Amino acid sequence: MRRALVSDIHGNRDALDAVMRDIAAQSVAEILCLGDVIGYGPEPRECLEQASSYTVCLLGNHEDAALRYSEDFNEKARVAIEWTRQQLNSRDHPREQNHRYWGFIGRLQPQARCDGVLLVHGSPRDPVREYILPRDARNQEKMGEIFSLIDGPVCFVGHSHVPGVYTEDGRYLSPRLLPDGYLLGSGKVLVNVGSVGQPRDGDSRASYVIWDDERVLFRRVEYDFRTTMRKIIETGALPRYLADRLETGR
Ligand code: ZN
């Protein structure tokens with residue numbers, strides 16, 4: 001079965017719309033979302049509306065922070081979460097709609113399985129909060145423990161906003177090295193699908209993945225990030241830095 005995996009939309013409806021148009025041309029049967037639909041971006045409601053139609057949507061650390069506590073967030077992320085909470089409680093919208101969005105967030109699960117394959121936001125040993133970054137690829141202690149928790153050919157994650165493939169023998173493969181995708185089946189791998197709404201690998205284009213059982217294909221989609229930057233600034237509340245970083249993809 002052919003599926004699309006998205007993650008870290010972060011309230012960026014412009015990026016998500018562009019990704020959804022790209023997905024529509026890929027004849028996928030299902031869309032799976034690995035969390036962080038909200039936080040940072042200017043249109044959390046629109047993104048939740050879209051995500052609620054996906055086959056799977058996981059709990060990200062930003063949803064967890066919106067629901068429970070955000071004390072472990074840095075200043076900018078916390079300001080964004082508080083602003084996002086206000087948007088989801090806004091009296092400018094029907095109360096039932098607010099309830100529906102909070103209900104949806106409240107039901108999100110920290111992990112899921114799809115055809116036996118583990119899906120998490122962060123990592124198999126800490127599904128919501130642990131980061132796996134390219135520099136961790138050679139950290140045998142960390143990656144050894146993480147790979148011991150992966151029981152299929154692949155585990156999909158998001159959270160770091162840096163897409164790529166981590167192999168059990170300590171390599172990180174950037175999608176730039178994989179124009180034809182990564183063929184599954186020769187050893188376990190962990191795949192980070194990247195971020196739709198706030199890429200951090202130096203490429204401003206939205207990132208997502210097509211998974212067709214045997215192959216993982218990394219997709220990048222251009223979108224009008226200047227419009228999103230303007231929307232962030234026009235909130236008058238979200239930190240300017242959250243707009244600037246969309247341009248640099250950092
Ligand atoms: Zn995120």
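Both ligands and their constituent atoms are indexed starting at 1 by order of listing. Quick caveat, the model's predicted, so the values are computed rather than measured.
Checking His121 against the Zn ion (ligand 1), every N/O/S atom stays at or beyond the 2.8 Å cut-off. With 2.8 Å as the limit, His62 does not count as an N, O or S neighbour of the Zn ion (ligand 1).
Taken to the nearest 0.5 Å, the NE2 atom of His159 stands 12.5 Å off from the CG atom of Leu58.
Within His10, NE2 is the N, O or S atom that lies nearest to the Zn ion (ligand 1). The nearest N/O/S atom of Asp36 to the Zn ion (ligand 1) is OD2. Residue Asp8 approaches the Zn ion (ligand 1) most closely through its N/O/S atom OD1.
Judged by the 6.0 Å distance and 45° axis criteria, Lys188 is not positioned over the aromatic ring of Phe147.
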Could you walk me through whether Phe156 and Val216 pass side chain to side chain contact (heavy atoms under 4.5 Å, CB included), step by step? CA-CA 10 Å; Phe156 289 102; Val216 173; 4.0 Å; yes

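Note on Leu184: it clusters hydrophobically with Val193, by side-chain heavy-atom contacts below 4.5 Å among ILVMFWY residues.
Side chain of Ser160 to backbone of Leu133: no donor-acceptor contact under 3.5 angstrom is found.
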